[in-house]
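Working notes for the structure below.
All figures in this text were calculated on a predicted structure; none of them were measured in a lab.
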Amino acid sequence: MNAVLSKLDPLITKFGLDNTDQMEILKGPCSKIGVRPAHVVFICGSVALFSIVFGIAARFLSTFISILYPAYRSIQAIESQGENDDKQWLTYWILFSIITLADATIGFVLEFIPFYHILKLALFVALFHPQIKGAEKLYDQFVHPLYLQHHEKIDKGFQKVQERVKQQVQ
């Protein structure tokens, strides 16, 4: 079996999955069955991509992938000391929230776009990929200027809501 799996090694390296061999959660189970964690990640990713392309649980899988990896990397960012990766993951989650809200609002229309879930997944991968850092770029270019323009109004609105809630509670 390892002879067959070793043929995947060039693809694993090409897609930058070699570092998945260091994932503690996969080391134990993979050593018991005698395979590299990178092989498991590549095969699971390939099955997921195949499923998305052919519409089998596409919504679930694209959402799952766009949450699982970023959540793990966010935990690593919280636990790391001295690394400057917090902005990447905070900006990712801000953009994830905006996109998810838009999807929940007009997603029924977007579903008619061919391969919508593949496009959505590609967008999320571009946002969270450590070499592309799309989340930081989109945040700096679009969200930050909008925040600077409107944050005082939004803060006042939140303050009014807080005051009303306090009055209702008392």
Side-chain angles (χ1 to χ4, degrees), residues 1-104 107-108 110-111 113-144:
M1 179 160 81
N2 279 336
V4 173
L5 291 176
S6 66
K7 293 183 181 185
L8 296 176
D9 289 342
L11 288 173
I12 288 169
T13 300
K14 181 178 181 180
F15 291 116
L17 297 174
D18 285 317
N19 62 347
T20 58
D21 284 330
Q22 305 308 315
M23 294 177 71
E24 292 297 325
I25 196 166
L26 294 177
K27 283 183 179 179
C30 289
S31 67
K32 287 182 183 176
I33 58 173
V35 297
R36 284 180 59 198
H39 291 143
V40 173
V41 170
F42 181 80
I43 290 169
C44 289
S46 298
V47 168
L49 185 61
F50 175 82
S51 298
I52 291 169
V53 168
F54 291 102
I56 304 165
R59 175 182 284 260
F60 170 76
L61 287 170
S62 65
T63 302
F64 184 76
I65 292 167
S66 64
I67 292 173
L68 185 66
Y69 177 76
Y72 179 74
R73 296 288 296 175
S74 296
I75 293 168
Q76 284 183 322
I78 290 169
E79 298 298 325
S80 67
Q81 305 242 341
E83 289 186 40
N84 194 14
D85 52 1
D86 293 353
K87 183 178 179 185
Q88 164 64 19
W89 297 109
L90 286 170
T91 55
Y92 174 82
W93 290 113
I94 290 167
L95 289 163
F96 177 87
S97 300
I98 292 168
I99 293 166
T100 302
L101 181 61
D103 190 40
F108 65 94
L110 299 174
E111 295 275 338
I113 298 171
F115 303 109
Y116 166 67
H117 292 289
I118 295 171
L119 296 171
K120 184 175 148 185
L121 179 59
L123 170 64
F124 283 125
V125 169
L127 291 176
F128 71 61
H129 196 282
Q131 291 175 336
I132 299 172
K133 293 190 178 187
E136 285 187 45
K137 291 174 185 171
L138 279 179
Y139 178 85
D140 290 340
Q141 196 166 25
F142 297 107
V143 178
H144 184 68

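- You'll find the side chain of Leu26 reaches within 4.5 Å of the side chain of Val41, heavy atoms only.
- Leu110 places none of its side-chain heavy atoms less than 4.5 Å from the side chain of Lys120.
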Quick one: do Lys14 and Asp9 satisfy salt bridge (Lys or Arg N to Asp or Glu O under 4.0 Å)? Show the steps, please.
CA-CA 8 Å; Lys14 181 178 181 180; Asp9 289 342; over 6 Å; no
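- Ring pair Phe60/Phe64 is parallel by interplanar angle, where below 30° counts as parallel and above 60° as perpendicular.
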Just do the salt bridge (Lys or Arg N to Asp or Glu O under 4.0 Å) check on Asp21 and Lys27 with the steps written out, would you? CA-CA 7 Å; Asp21 284 330; Lys27 283 183 179 179; over 6 Å; no
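- One distance of note links CD1 of Ile94 with NZ of Lys87; it measures 9.5 Å at 0.5 Å rounding.
- The aromatic rings of Tyr69 and Phe128 lie tilted to each other, with the angle between the two planes from 30° to 60°.
- To the nearest 0.5 Å, the span separating CD1 on Ile99 from CG on Leu123 amounts to 4.5 Å.
- Atom CG of Asn84 is surrounded by 12 or fewer heavy atoms from other residues, nucleotides or ligands within 6.0 Å.
- Between the side chain of Lys137 and the backbone N or O of Ile132, at least one donor-acceptor pair lies under 3.5 Å.
- Thr63 has its side chain out of reach of Leu121: every pair of non-hydrogen atoms, C-beta onward, lies at least 4.5 Å apart.
- For the pair Phe96 and Leu127, the minimum side-chain heavy-atom distance is 4.5 Å or more.
- A salt bridge is absent between Lys133 and Asp85; no separation between the charged side-chain nitrogens and carboxylate oxygens falls under 4.0 Å.
- Between the side chain of Thr100 and the backbone N or O of Ser97, no donor-acceptor pair lies under 3.5 Å.
- Residues Tyr92 and Pro70 come closest through the heavy atom pair CE2-CB, 3.4 Å.
- Distance alone, capped at 3.5 Å, is enough to place a donor-acceptor pair between the His39 side chain and the Leu5 backbone.
- Taking the side chain as every heavy atom from C-beta outward, His117 and Glu111 approach each other to under 4.5 Å.
- When every heavy atom of Ser31 is checked against every heavy atom of Gly28, the shortest pair comes out as OG-O, 2.8 Å.
- For the atom pair Leu138 CG and Thr91 OG1, the distance stands at 9.0 Å (nearest 0.5 Å).
- Counting non-hydrogen atoms of neighbouring residues, nucleotides and ligands closer than 6.0 angstrom, the CD1 atom of Ile25 reaches no more than 12 such neighbours.
- The structure places OG of Ser74 at 11.5 Å from CD of Glu79, a figure rounded to the nearest 0.5 Å.
- No donor-acceptor pair closer than 3.5 Å links the side chain of Glu136 to the backbone N or O of Trp89.
- Taken from CG in Asp86 to CD1 in Ile78, the straight-line distance is 7.5 Å, to the nearest 0.5 Å.
- Between the Thr13 side chain and the Pro10 main chain, no donor and acceptor come within less than 3.5 Å of each other.
- Residues Leu8 and Ile43 form a side-chain contact, since some pair of their non-hydrogen atoms from C-beta on lies under 4.5 Å apart.
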So Ile98 and Val143, side-chain contact (heavy atoms from CB on, under 4.5 Å) or not? Walk me through it. CA-CA 10 Å; Ile98 292 168; Val143 178; 4.1 Å; yes
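- Contact of the Phe124 side chain with the Ile65 side chain is not registered, since no non-hydrogen atoms from C-beta on lie closer than 4.5 Å.
- Of all the heavy atoms in Cys30 and Pro37, the pair that sits closest is SG-CA, 3.6 Å.
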